[in-house]
Amino acid sequence: MTAFVIRRLLQSAVVVFVMSLIVFFGVNVVGDPVDMLINPEADQEDIERAIRALGLDRPIGEQYFYFVKGALSGDFGRSFIFGEPALKLVLQRMPATFELAFTALVMAIVFGIPLGLYAGLRPNALSSKTIMAGSILGFSLPTFWVGLMLIMVFAVMLGWLPATGRGEVATILGISSSLFTLDGLSHILLPAFNLALLKISLVIRLTRAGTREAIYQDYIKFARAKGLSENRIIFVHLLKNILIPVVTVLGLEFGNLVAFSVVTETIFAWPGMGKLLIDSIQQLDRPVIVAYLIVIVLLFVLINLIVDVLYSVLDPRVRIGESQT
Amino acid sequence: MTTTANQDPEIAPTELAGQFQSPFRRFVSDFFESWVATVAFALFLVIVFGALFAPLISPQDPYDLAQVDVMESRLPPGSMSYQGYTFLLGTDGAGRDLFSAILYGLRISLSVGVVSGIIAMIIGSSVGLTAAYCGGRVEALIMRIVDLQLSFPAILIALMLLAVFGKGVDKIMIALVTVQWAYYARTVRSTAIVERQKEYVEAARCLGLSHKRVLFHHILPNCLAPLIVVVTVQTAHAIALEATLSFLGVGLPQTEPSLGLLISNGFEYMLSGRYWISFFPGIALLLTIVSINLVGDQLRDVLNPRLQR
Amino acid sequence: MTDQVPTLEVVDLATHFFTKAGIVKAVDGVSFSVGAGEVVGLVGESGSGKTVTGFSIVGLVDPPGKVVSGSIRLKGEDLVHANAERLREIRGNQVAMIFQDPMMTLNPVLRIDTQMIEAVRAHRELNRAAAREIARNALGQVGIPSPNERLKAYPHQLSGGMRQRVAIAIAFVNKPDLIIADEPTTALDVTIQAQIIHEAQTLCRQTGTALIWITHDLAVVAGLADRICVMYAGRIVEAGPSDDVLDRPMHPYTAGLIGSVPTHNKRGERLRQIPGMTPSLLNLPPGCAFRSRCANAQSNCQQTPDETTPFDGRRLRCHHPMTAIERQP
Amino acid sequence: MTAMIETHDLSKDFVKKLDFAGKIATHLGADLHEQVVRAVDRVHLGVEKGEVVGLVGESGCGKSTLGRMVAGILAPTLGHVLFNGEDYAELSGPQARRAQLAVQMIFQDPYASLNPRHRVETIVGEAPLVHGLASKSGLADYVDDILKRVGLDPECKRRYPHQFSGGQRQRLGIARALAVKPDFLVCDEAIAALDVSIQAQVLNLFMDLREEFDLTYLFISHDLSVVEHISDRVVIMYLGRVVEVAPTEVLFEQPNHPYAAALLAEIPRLDQRKRQFKPIEGEIPSPIHPPSGCHFHPRCPHAFARCQSEVPALQKIAPGRYAACHLNDEPTPKNE
């Protein structure tokens with residue numbers, strides 16, 4: 001277990017290092033850093049000063065050093081548009097994105113696992129085939145287009161739910177979230193469902209495939225031969241086996257949801273990090289882009305780490321296997 | 001329960017004849033056993049055909065300014081044009097016939113998706129095969145890079161690249177290839193590793209066949225099945241991803257109106273109830289992706305060695 | 001013969017698989033019975049229907065398979081028409097099973113104690129501690145050292161032989177009337193196989209449990225079984241007391257099978273092989289399924305032979321049984 | 001006279017190295033080690049021309065690994081394999097190829113050992129064509145001839161492996177090996193995966209081919225009755241080491257090594273009825289942590305102090321008989 005965690009930590013460190021190199025070279029070498037990091041409206045003297053301040057006249061190795069140093073102290077420069085520190089802007093938007101991604105994840109679990117289990121247990125039933133057809137559709141539907149259609153149907157045509165914004169936010173236990181107010185809930189429903197659709201399909205397919213495979217395993221048959229009730233066989237023997245991969249994948253998918261919220265947030269004007277990123281790309285607000293990328297890289301590394309450890313805790317074969325050998 | 005040919009040579013050599021089928025023909029007949037897959041495959045052919053021959057089929061060249069009239073903008077489906085043909089799917093904000101625009105858009109979407117898919121496949125499978133063949137440090141290094149890349153979602157990497165490079169057909173193809181090659185590399189490598197350990201490879205080596213021959217003549221053909229499945233899935237992904245990026249305004253420029261851009265352009269009319277400008281290009285995109293995914297799904301079943309008799 | 005009701009009586013059992021390609025008659029008219037404390041060897045090659053017979057008894061045939069006719073009586077109780085709940089009560093309580101591959105039969109993510117305790121509690125109203133105590137004793141009985149620690153282990157921490165012992169302990173834990181062992185030693189090494197057979201043999205003798213030992217290995221049942229049923233293509237072609245069947249086989253298939261096994265006195269000679277292959281059970285034509293491989297086959301073998309009783313305790317399905325002269329090598 | 005195949009001090013280690021993280025973890029006090037599994041441990045083995053040598057042992061004893069080294073598929077960690085007195089490792093060019101082709105292998109799994117994408121004619125004909133044993137024009141006849149000799153109809157050569165049953169596939173595997181005109185066949189559990197009645201067919205085929213092609217066999221199996229049936233001499237392995245070598249009849253009459261004795265006592269036999277199985281105690285130890293001294297001592301009913309500390313050497317106990325057991329040095333008789 002120790003070696004396992006150390007291995008993962010080392011790998012994470014390498015990932016962060018490599019990604020910082022890529023972002024650095026992307027911004028400072030491939031593009032023109034003067035264009036990218038300095039407000040285009042500055043005059044010549046300002047530019048000269050900024051170049052010196054940013055160390056752009058120094059050798060490349062030294063530049064990277066300053067980049068890392070700045071990044072470590074949380075300094076990615078100020079946004080051209082808002083005039084505020086870029087990192088602060090990104091972090092401010094983070095709770096809204098997390099809230100959206102979290103809600104979508106819950107939806108994926110709540111819809112995906114039961115439907116997948118059902119379809120796996122009765123593969124030939126018409127209802128199961130419908131579920132699977134639906135999951136292929138959910139897999140194929142382009143997220144952004146579904147978002148538009150959701151707005152058109154539920155906001156424009158039916159007028160049931162609001163189309164844009166985050167709605168009212170309440171603070172409970174120091175966490176402010178729109179999940180705590182009715183208005184907020186009505187606002188989050190459409191975007192969260194939009195974001196969750198792909199994941200619901202994914203979870204259905206994963207759960208079904210796991211069920212189909214497990215159901216023919218000898219241990220299930222042996223459990224039947226022991227005379228266990230069908231409920232115990234399904235909810236203990238089967239589910240415990242298939243949940244290990246599903247939980248692992250879902251953990252990794254949380255990061256994916258955060259990344260994909262870029263699309264959903266743009267459509268539903270959800271004030272999260274993703275919308276900030278797209279706005280910044282379109283307005284060439286480079287410091288914010290850099291800050292976003294670094295934050296998201298760290299986030300992913302963290303998620304991967306947690307999921308790996310979680311997996312090894314869930315699966316006794318990994319948990320105990322390592323310490324024994 | 002095995003239901004394979006069970007006759008003995010010493011008894012009835014000719015009885016086998018009726019069951020003779022090459023793997024390819026068996027594959028084809030297995031594939032078309034499912035009517036869903038058959039319909040999907042036909043639909044995909046129709047879509048490709050429509051995209052290829054767009055100039056011949058479409059009533060108007062939507063990007064020839066002489067043929068487009070702004071006065072005819074935002075007409076609902078079924079309206080008549082001044083030229084006397086019907087706007088089957090209505091017109092967009094600039095007065096273009098949507099049906100024609102979709103056919104032209106399909107051309108761009110499909111070609112960007114397919115071409116970048118092929119490039120990614122070539123790069124990815126060579127890298128994967130190299131990894132499996134070399135082993136040791138080369139393999140470890142390659143697979144680390146692959147793992148690293150696969151731990152980040154495709155859209156994020158694409159956004160990162162496009163944020164640095166800017167818009168353009170070449171740029172988005174670079175982004176799509178960068179995003180996809182790792183999937184191919186991983187698939188080919190893992191299959192090749194499994195195949196490499198099988199006894200028929202040991203037998204080939206025992207027979208004194210060269211490494212090259214074993215790799216290309218024995219291992220590679222056995223890696224094709226999973227590769228084909230990944231090709232379909234990834235092509236569908238590439239098309240969807242390009243559309244998404246273009247919709248976000250970071251993918252293709254306005255001069256290359258793919259389906260994603262068409263949908264994006266219709267976004268502003270959505271709230272005023274003019275649904276068709278976004279709706280129909282979306283349906284076209286959906287049908288393309290669904291048909292490819294359904295074909296891929298059936299391929300997965302047919303080519304799955306565990307389900308093979 | 002006694003007038004006592006046998007532990008298990010199977011009459012004319014037929015289990016068919018309805019596949020897309022056609023009907024597979026995996027079991028087609030099988031009859032046999034097992035008395036209390038008796039060990040019956042069910043012998044056959046792959047595809048002979050021996051495993052399906054075992055699963056049919058406990059109602060665990062997977063779709064598209066189905067018991068289509070015949071009767072199965074456990075101490076007189078009809079199992080073919082028993083409802084699902086009754087079958088569940090019987091499984092693991094009155095009839096237990098041991099499977100072939102010990103690496104696959106235990107659930108990899110549940111501890112041994114969970115898997116044993118649930119087997120006890122599925123059939124008896126006991127609290128956890130009492131059930132655990134029973135489980136611990138059962139492990140001790142099959143010769144597992146330090147059962148307390150083993151209870152806390154996960155299956156992957158045990159060797160194959162150990163896991164098969166656990167499976168046997170689970171099978172015996174509710175003191176069943178009958179145990180069906182489906183090739184339980186095929187996946188194991190010779191010395192471990194001997195251990196497993198030893199445990200099963202000893203426990204059966206102690207508890208008076210009847211045992212059906214399904215195997216392809218004639219030599220194993222020779223040393224273990226009281227009676228032998230030889231299966232071929234879904235039918236029992238010959239049955240009788242072990243010594244009798246092995247020393248004086250009457251069905252040409254049985255004789256061929258015995259001739260195929262290498263033994264001391266045949267060292268270095270060509271074995272008496274059976275020509276040809278086991279037939280596919282898919283759309284098997286009527287008649288004796290063995291006729292295409294049989295030296296004695298004649299035109300009337302196109303008709304399915306009925307079961308005959310050439311003498312007491314011996315049953316046979318053959319138009320042209322082997323004579324004593326033919327049996328000489 | 002030199003043996004056709006000889007192995008000197010042949011060993012194979014499988015190493016699972018510690019990675020960087022593992023090394024750090026050991027510094028932090030974790031109990032991790034580089035795992036070295038000695039699958040084959042200093043094996044001396046000789047097979048004379050025309051002989052059939054049976055190699056017997058339970059899972060993990062290294063018999064397959066030994067077979068693969070003899071067949072030249074695996075490179076030894078230590079020691080040498082000699083073919084007609086010449087070291088594999090020192091041969092090169094045409095001689096190396098000659099030696100490689102002269103020793104062929106028959107595999108256990110009739111499904112995995114044939115390339116599913118090749119037709120029969122390619123499976124059998126590829127190597128002869130590549131090595132110039134058959135000309136392009138003569139290849140068809142060449143393949144037909146070999147198929148006939150293993151009891152397959154040449155008509156079937158356009159087919160793929162999936163169209164054959166297990167027994168037929170095994171014949172195909174034999175045909176593939178015979179196609180390069182070998183002198184020596186390593187049969188690794190070649191009939192273990194087959195049905196009893198088919199086993200007898202293939203076993204007979206092996207015996208026929210031995211006569212017809214003047215072949216020499218190393219016959220690897222866990223099934224003692226099969227080995228007894230076909231072999232002239234038997235080699236018994238336990239956890240990587242040879243424990244006994246003896247002519248078949250002598251061995252089955254009176255085994256010397258306690259492990260050999262236990263093994264022989266426990267094979268189920270057709271002529272032993274209603275017996276009481278009395279197995280030897282204990283599990284086969286993991287090859288990762290083999291017991292000290294004689295590997296068999298924890299299970300051996302005759303073990304004494306020396307067996308725990310000292311590895312018994314394989315020594316001659318009678319003409320043509322070798323055993324690795326300390327009991328042979330002890331003046332005291334075995335306490336039966």
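Heavy-atom basis, side chains included; hydrogens, waters and symmetry copies ignored. Per chain, numbering begins at 1; letters A, B, ... match sequence-line order.
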(message) Shorter than 4.5 Å, heavy atoms on both sides: which option in P108(C), P63(C), A171(C) has the most such pairs with chain A?
(response) P108(C)
(message) I'd like to verify something: which residue of I180(C), V109(C), I90(C) has the highest number of heavy-atom pairs under 4.5 Å with chain A?
(response) V109(C)
(message) Surrounding CZ of R86(C) (heavy atoms of other residues, nucleotides or ligands, distance under 6.0 Å), is the total greater than 12?
(response)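 Buried by this count: over 12 neighbours within 6.0 Å.
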(message) Applying side-chain contact (heavy atoms from CB on, under 4.5 Å) to R224(A) and Y219(A), what does each step give before you reach the verdict?
(response) CA-CA 9 Å; R224(A) 291 224 162 87; Y219(A) 62 79; over 6 Å; no
(request) Check each of F300(A), F102(A), F98(A), F260(A) against F254(A) using the ring pair (Phe, Tyr, Trp, His ring centres under 6.0 Å) test, and report the only one that passes. (result) F98(A)
Side chain from CB out, backbone as N, CA, C, O: work out which of these in [X] comes under 4.5 Å of a heavy atom of chain A, or both, or neither.
| X | answer |
| --- | --- |
| A167(C) | both |
| E85(C) | neither |
| E118(C) | both |
| V173(C) | neither |
| L106(C) | both |

(request) Return the set of residues passing side-chain hydrogen bond (donor to acceptor under 3.5 Å, both in side chains) with T186(C) (not counting sequence neighbours), or none when no residue passes. (result)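 Testing T186(C) for side-chain hydrogen bond (donor to acceptor under 3.5 Å, both in side chains), a comparison that skips the adjacent residues, returns E183(C).
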(request) Give a yes or no on whether the backbone of S261(A) and the side-chain of T264(A) come within a donor-acceptor separation of less than 3.5 Å. (result)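 Checked: no pair found.
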Under 3.5 Å, side-chain donor or acceptor atoms of residues 54-62 of chain C against the rest of the protein: list the pairs with distances, not counting sequence neighbours.
residue: S56(C); atom: OG; partner: T15(C); partner atom: OG1; Å: 2.8
residue: S56(C); atom: OG; partner: V52(C); partner atom: O; Å: 2.7
residue: D62(C); atom: OD2; partner: K221(A); partner atom: NZ; Å: 3.4

(message) Which atoms of I215(A) are under 4.5 Å from chain C, going by heavy atoms: the side chain, the backbone, both sets, or neither?
(response) neither
